[in-house]
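Everything on this sheet refers to the single structure shown next.
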Amino acid sequence: MAVTIKSAREIDLMREAGRLLGMVHEELGKAIRPGMSTKDIDKIGEELIRGYGCIPSFLDYQGYPASICVSVNEEVVHGIPHADHILKEGDIVSLDAGLIYKGYHADAARTHAVGKISREAEQLIAVTKQSFFEGIKMAKAGYHLYDISNAIDAYVTAHGYGIVTALVGHGIGTRLHEDPQIPNFAQKRRGLKLRAGMTLAVEPMINMGCADVRWLDDDWTVVTEDGAYSAHYENTILITDGEPEILTLPI
Ligand code: MF3
Ligand code: CO
């Protein structure tokens, strides 16, 4: 499928979808505390999304059984919320959420500390977040798609972390996953030329140890092969002729 260029009307709808998702994440971040279950987070997230008149896009997506992907410590992404999975001080928890507003998708992820965490874990979360911002310095009309990938890779590799290659970012719009795929690791080719009106979900998934991942028997949860912590940071962005617009921030 070709990469879609959104019209001014579509961009307005994606802005509103993104703003609402940004607020969902802000509220979820405030709610995180030791003693709560990963299922509690899913419940709060689903209620927030529905409360804004939106649809949780992950629920039933290819059979995924929840509204929020909740991935703890060595879980990279797509963790399934469970009532008996209780967060404890020192954990890190990655929340990935998506919603549909008037037919348009927003997708974003954040990794949060649960209470006091180690310096090493704090740095992993900070570097993962910053790698997104390094990547989107290249997300402008006239640059090429893999300029983003290469910038993320250069920044993360300098910190000695493992970049997950099994999963990538993606275009987004009337569907959660549109073309193009956006790797978080260096590419030999330049990739397609970025144009104003493209909407992309850029989402580095970064491991404290090796880059390798495997899937748990639930067929969803992706974990690090070596058991080391992993972090995730994602926003839906709009390509413009100047700086990219980050759509999934609260206003
Ligand atoms: N946010 C994820 C992505 O960017 C989507 C999660 S798929 C789900 O691809 F099924 F787990 F919801
Ligand atoms: Co995504």
Side-chain angles (χ1 to χ4, degrees), residues 1 3-4 14 17-18 20-22 24-25 28-29 38-39 41-46 48-50 54-72 75-82 85 93-101 104-112 128-129 131-133 135-136 139 145 148-149 152 163-185 198-206 213-223 230-239 244 246-249:
M1 194 201 87
V3 178
T4 57
M14 291 200 61
L20 294 171
L21 184 59
V24 168
H25 268 298
L28 285 173
T38 56
K39 182 78 189 167
I41 297 171
D42 179 55
K43 185 163 180 291
I44 295 167
E46 177 168 359
L48 286 164
I49 291 169
R50 293 197 192 281
C54 299
I55 299 166
S57 54
F58 296 176
L59 186 61
D60 293 330
Y61 179 85
Q62 293 180 7
Y64 184 76
S67 298
I68 314 291
C69 296
V70 185
S71 307
V72 181
E75 296 173 354
V76 179
V77 286
H78 303 167
I80 297 176
H82 289 289
H85 191 162
V93 61
S94 299
L95 307 183
D96 193 349
L99 60 72
I100 308 169
Y101 171 77
Y104 285 82
H105 286 258
D107 183 6
R110 309 278 183 258
T111 299
H112 298 287
T128 301
K129 179 175 180 178
S131 75
F132 163 86
F133 288 96
I136 69 160
L145 183 67
I148 301 174
S149 309
I152 294 171
I163 302 172
V164 175
T165 60
L167 298 141
V168 296
H170 50 93
I172 180 169
T174 54
R175 293 182 304 134
L176 174 58
H177 295 129
E178 297 188 351
D179 279 344
Q181 294 197 7
I182 310 171
N184 297 302
F185 49 100
M198 289 180 177
T199 45
L200 307 174
V202 177
E203 51 176 319
M205 290 152 268
I206 307 300
V213 300
R214 63 187 173 85
W215 272 256
L216 295 186
D217 287 340
D218 64 17
D219 284 339
W220 278 106
T221 312
V222 180
V223 298
S230 185
H232 187 196
Y233 188 81
E234 174 182 28
N235 284 303
T236 299
I237 66 166
L238 169 69
I239 302 296
I246 302 176
L247 301 181
T248 40
L249 295 177

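Below, all heavy atoms of this structure are taken into account, side chains as well, without hydrogens, waters or symmetry copies. Residue indices begin at 1 and follow the sequence shown. Ligands are counted one by one from 1 in listed order, and the atoms in each one are counted from 1 as well.
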Between the Co ion (ligand 2) and [X], which N, O or S atom of the residue is the nearest one?
| X | result |
| --- | --- |
| His170 | NE2 |
| Glu203 | OE2 |
| Glu234 | OE2 |
| Asp107 | OD2 |

Any donor-acceptor pair under 3.5 Å from [X] side chain to [Y] backbone:
| X | Y | result |
| --- | --- | --- |
| Thr199 | Ile172 | yes |
| Thr236 | Ala106 | no |
| His25 | Ala108 | yes |
| Thr38 | His82 | yes |

Exercise. Name the orientation class of the two ring planes belonging to Tyr233 and Phe133 (parallel below 30°, tilted from 30 to 60°, perpendicular beyond 60°).
Key: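 Taking Phe133 first and then Tyr233, their aromatic rings sit tilted (interplane angle of 30° to 60°).
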Quiz item: Are a donor atom and an acceptor atom from the side chains of Asn235 and Thr248 found within less than 3.5 Å of each other?
Solution: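 On atom types as modelled, these side chains qualify, holding a pair under 3.5 Å.
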Does [X], backbone or side chain, put an N or O under 3.5 Å from an N or O of ligand 1?
| X | value |
| --- | --- |
| Tyr64 | no |
| Trp220 | no |
| Asp107 | yes |

Going by the atom numbers of ligand 1, which of them fall below 4.0 Å from some non-hydrogen atom of [X]?
| X | result |
| --- | --- |
| His170 | 3 (C), 4 (O), 9 (O) |
| Asp96 | 1 (N), 2 (C) |
| Glu234 | 1 (N), 4 (O) |
| Glu203 | 3 (C), 4 (O), 9 (O) |

Write out the residue and atom name of the closest protein heavy atom to [atom], then the distance separating them to 0.1 Å.
| atom | value |
| --- | --- |
| atom 6 (C) of ligand 1 | His78 NE2, 3.6 Å |
| atom 7 (S) of ligand 1 | Tyr61 CD2, 3.8 Å |
| atom 3 (C) of ligand 1 | His177 NE2, 3.3 Å |

Minimum heavy-atom separation for [X] to [Y], with atom names?
| X | Y | answer |
| --- | --- | --- |
| Asp107 | Ala201 | OD2-CB, 4.3 Å |
| Ser131 | Ile152 | O-CG1, 3.4 Å |
| His112 | Gly29 | CE1-CA, 3.4 Å |

Practice problem: Measure the shortest side-chain to side-chain distance between Phe185 and Val164 over non-hydrogen atoms and say whether it is less than 4.5 angstrom. | Solution: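 No, side chains not in contact.
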Quiz item: If you measure from each heavy atom of Gln62 to ligand 1, is any distance below 4.0 Å?
Solution: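 Gln62: no contact with ligand 1 (<4.0 Å).
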Quiz item: Does Cys69 have a heavy atom less than 4.0 Å from any atom of ligand 1?
Solution: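 In this structure, Cys69 qualifies as a contact of ligand 1 - some heavy atom is under 4.0 Å.
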